[in-house]
Student: 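Structure incoming, see below.
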Amino acid sequence: MDGRIKTKSLETQKQKELKTMSHLTRRQLSALPLFLMSAANATSQQNSDPLPSWREGPSKRAILDFVRDTTTTGTASYVDPADRLAVFDNDGTLWPEQPIYAEVAFAMERLRSLAHDRPEWGNHESFHAAFAGDFSAVAHSGLRGMGAIVMAAEGNTTPEILHQSVAEWLKTARHPRFGRHYTECVYQPMEEVLALFRTAGFATCIVSGGTQEFLRSWAKAAYGMMANQVIGSTFKLHYQENNGRSELIQLAQFDRLNEGAAKPAAVLERLGRRPVAAFGNSDGDYELLQYTTTGPGRRLGVLIHHDDGNREYSYDRQSELGRLDRALTDAQANGWVIASMKNDWSQIFPQA
């Protein structure tokens with residue numbers, strides 16, 4: 001008898017608890033849609049614009065429309081995922097190239113650190129400005145002078161040793177104008193473009209005039225680019241065995257200068273396909289954009305125009321670095337988008 005009373009009492013208590021829980025659940029559930037709606041609205045506000053650092057205008061719209069059109073099934077502009085390839089120049093397109101290319105700044109410092117073992121360098125006219133740390137004079141020496149400095153600084157070593165040297169340099173080196181580490185000078189609007197294309201199923205690759213191994217040292221951390229997504233100028237390599245270990249030595253001699261017409265040739269050689277989108281900023285990217293945009297189907301070519309001397313630099317036709325002359329003249333006829341830093345970008349660098 002006592003057992004039945006206890007059981008009945010427990011069942012009654014359980015029913016009361018269930019009733020209370022049911023009441024609370026209904027009350028909570030009635031509020032849940034409002035919470036979800038609020039959260040969804042907040043998420044939508046954050047994610048509705050994949051290019052928040054781009055101001056509304058023709059440049060931003062051209063990029064967004066291209067990605068939408070090429071990834072919407074059933075449309076004439078649709079691009080199969082296997083063919084979605086977007087390529088990006090580096091210097092002046094993804095980060096600054098003024099007052100000197102970052103790689104040349106690294107090479108100048110490395111040249112000075114190695115000079116005590118190479119006294120013959122003191123007789124090399126192209127190196128005098130490098131030893132003095134004179135960016136302006138080095139830039140004025142042109143691609144030939146800067147190339148000689150890079151060859152001397154990065155030649156006769158292994159890619160692994162070079163990677164370590166670059167990584168150490170990047171820990172302390174800062175841009176001379178902005179006072180930021182170089183990897184903190186990546187353009188925020190272009191980081192957003194990279195993310196947009198990747199989210200849409202595009203493979204993204206760097207196609208730069210800079211040396212391949214210099215870029216590979218930090219491209220993953222800065223851009224999310226793996227080594228096989230980096231195409232740059234290359235050194236001739238020498239195979240040798242050293243104490244039972246084989247290694248490749250970068251000779252102080254270029255194998256391929258990845259500039260101008262060499263860029264599309266390298267893309268086809270390395271990737272086996274024509275890009276459908278290309279981003280550059282100078283005449284050195286002309287052939288890459290032309291090769292990209294003259295292919296069949298929907299195409300996109302974008303030139304980053306450095307016209308903001310207050311927040312970055314203003315230069316184009318007369319610049320010794322990143323000259324934008326022929327490409328600027330032919331952009332409209334070629335259907336290329338000219339993205340103005342001054343007018344199209346609300347923000348240049350990531351917030352500190």
Side-chain angles (χ1 to χ4, degrees), residues 63 66-94 103 159 163 190-191 193-237 239 248 250 253-304 327 334-337:
I63 296 170
F66 172 81
V67 172
R68 181 201 62 207
D69 293 346
T70 54
T71 58
T72 302
T73 56
T75 65
S77 301
Y78 179 74
V79 175
D80 188 270
D83 297 323
R84 294 177 193 169
L85 172 63
V87 293
F88 299 78
D89 170 54
N90 181 56
D91 294 306
T93 300
L94 297 179
E103 181 169 12
H163 292 174
M190 295 307 296
E191 287 275 30
V193 169
L194 286 171
L196 170 65
F197 274 81
R198 288 168 182 160
T199 300
F202 282 81
T204 56
C205 293
I206 291 176
V207 184
S208 173
T211 69
Q212 199 158 269
E213 297 307 327
F214 174 82
L215 285 160
R216 285 175 171 175
S217 304
W218 52 271
K220 181 180 178 181
Y223 303 136
M225 300 277 196
M226 304 301 290
N228 63 353
Q229 295 174 285
V230 175
I231 300 174
S233 296
T234 56
F235 289 90
K236 288 188 176 181
L237 297 172
Y239 176 87
L248 289 169
Q250 290 189 166
Q253 186 177 358
F254 284 121
D255 183 47
R256 183 186 69 230
L257 287 173
N258 199 45
E259 194 71 17
K263 285 191 172 185
V267 170
L268 183 62
E269 178 185 310
R270 286 278 303 276
L271 304 177
R273 50 184 165 149
R274 188 190 296 247
V276 294
F279 290 74
N281 76 291
S282 73
D283 286 353
D285 303 311
Y286 190 103
E287 289 84 358
L288 180 62
L289 267 71
Q290 190 176 53
Y291 178 67
T292 298
T293 57
T294 55
R298 188 83 152 85
R299 302 278 161 164
L300 176 68
V302 179
L303 284 167
I304 306 302
N334 289 329
W336 299 339
V337 175

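Nothing fancy with the numbering, it's 1 onward along the sequence.
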Student: With sequence neighbours left out, what residues match D91 under side chain to side chain donor-acceptor pair (under 3.5 Å)?
Tutor: W95
Student: Side-chain contact, heavy-atom cut-off 4.5 Å: V302 with I304?
Tutor: yes
Student: Any side-chain to backbone donor/acceptor pair from T75 onto T72? Under 3.5 Å, distance only.
Tutor: yes
Student: What is the minimum heavy-atom distance between L215 and N90, and which atoms define it?
Tutor: CD2-ND2, 3.5 Å
Student: Do the side chains of F202 and V79 get nearer than 4.5 Å, heavy atoms only?
Tutor: no
Student: Listed by chain and number, what are the ring pair (Phe, Tyr, Trp, His ring centres under 6.0 Å) partners of Y223, not counting sequence neighbours?
Tutor: W218
Student: Over all heavy atoms of both residues, which pair between G232 and N258 is shortest? Give the atoms and the distance, please.
Tutor: C-CB, 3.6 Å
Student: How far apart are the closest heavy atoms of A327 and S282, and which atoms are they?
Tutor: CB-O, 4.3 Å
Student: Just how far is it from atom CG of L248 to atom NZ of K236, taken to the nearest 0.5 Å?
Tutor: 15.0 Å
Student: Using every non-hydrogen atom in the two residues, find where R273 and A203 come nearest and quote the distance to one decimal.
Tutor: NH2-CB, 3.9 Å
Student: Taking only residues two or more places apart in sequence, or in another chain, which ones meet D69 in a side chain to side chain donor-acceptor pair (under 3.5 Å)?
Tutor: R298
Student: Applying side chain to side chain contact (heavy atoms under 4.5 Å, CB included), can you list everything that pairs with T234, at least two apart in sequence or on another chain?
Tutor: Q212, D255, R256
Student: Run the side-chain contact (heavy atoms from CB on, under 4.5 Å) check on I63 and V337 step by step: do they pass?
Tutor: CA-CA 9 Å; I63 296 170; V337 175; 5.8 Å; no
Student: Can you list every ring pair (Phe, Tyr, Trp, His ring centres under 6.0 Å) pair that touches residues 280-301, not counting sequence neighbours?
Tutor: Y286-W336
Student: Say whether, by atom type as modelled, one donor and one acceptor occur between the side chain of D285 and the main chain of N281 under 3.5 angstrom.
Tutor: yes
Student: State which residues pass salt bridge (Lys or Arg N to Asp or Glu O under 4.0 Å) with R84; sequence neighbours excluded, sorted by chain then number.
Tutor: none
Student: Just verifying a value: how many Å separate L303 CG and D283 CG, rounded to the nearest 0.5 Å?
Tutor: 9.0 Å
Student: C205 and L85: side-chain contact (heavy atoms from CB on, under 4.5 Å), yes or no, with the steps?
Tutor: CA-CA 8 Å; C205 293; L85 172 63; 4.1 Å; yes
Student: Quick one: OG1 on T70 to CG on D80, what's the gap to the nearest 0.5 Å?
Tutor: 11.5 Å
Student: Would you sort out whether D83 and V276 count as a side-chain contact (heavy atoms from CB on, under 4.5 Å), showing the intermediate values?
Tutor: CA-CA 8 Å; D83 297 323; V276 294; 5.5 Å; no
Student: For a 4.5 angstrom cut-off between non-hydrogen side-chain atoms, does L289 reach N334?
Tutor: no
Student: Not counting sequence neighbours, which residues clear side chain to side chain contact (heavy atoms under 4.5 Å, CB included) with N228? List them please.
Tutor: M226
Student: Minimum heavy-atom separation for E103 and G210, please, with both atom names.
Tutor: OE1-CA, 3.4 Å
Student: Give me each pair satisfying salt bridge (charged side-chain N to carboxylate O under 4.0 Å, His left out) with a member in residues 206-225, each pair once, sequence neighbours excluded.
Tutor: E213-R216
Student: So which pairs with a foot in residues 286-295 pass salt bridge (charged side-chain N to carboxylate O under 4.0 Å, His left out), sequence neighbours left out?
Tutor: E287-R326
Student: Measure from the side-chain N and O atoms of S233 to the backbone N and O of G209, and report whether any donor-acceptor pair falls under 3.5 Å.
Tutor: yes
Student: Check salt bridge (Lys or Arg N to Asp or Glu O under 4.0 Å) between D89 and all other residues, then give those that pass, not counting sequence neighbours.
Tutor: K263
Student: So which heavy atom on T71 is nearest to which on A200, and how close?
Tutor: CG2-O, 3.6 Å
Student: Between V67 and F197, is any pair of side-chain heavy atoms under 4.5 Å apart?
Tutor: yes
Student: Check whether T292 reaches the backbone of A277 with its side chain - one donor and one acceptor, N or O, closer than 3.5 Å.
Tutor: no
Student: Yes or no on side-chain contact (heavy atoms from CB on, under 4.5 Å) for R274 and T294, after CA distance, side-chain angles and deciding distance?
Tutor: CA-CA 10 Å; R274 188 190 296 247; T294 55; 3.6 Å; yes
Student: State which residues pass ring pair (Phe, Tyr, Trp, His ring centres under 6.0 Å) with F88; sequence neighbours excluded, sorted by chain then number.
Tutor: F279
Student: Would you please name every residue forming a side chain to side chain donor-acceptor pair (under 3.5 Å) with R198, sequence neighbours left out?
Tutor: T204
Student: Given side chains that start at C-beta, do those of I231 and L271 come closer than 4.5 Å, heavy atoms only?
Tutor: yes
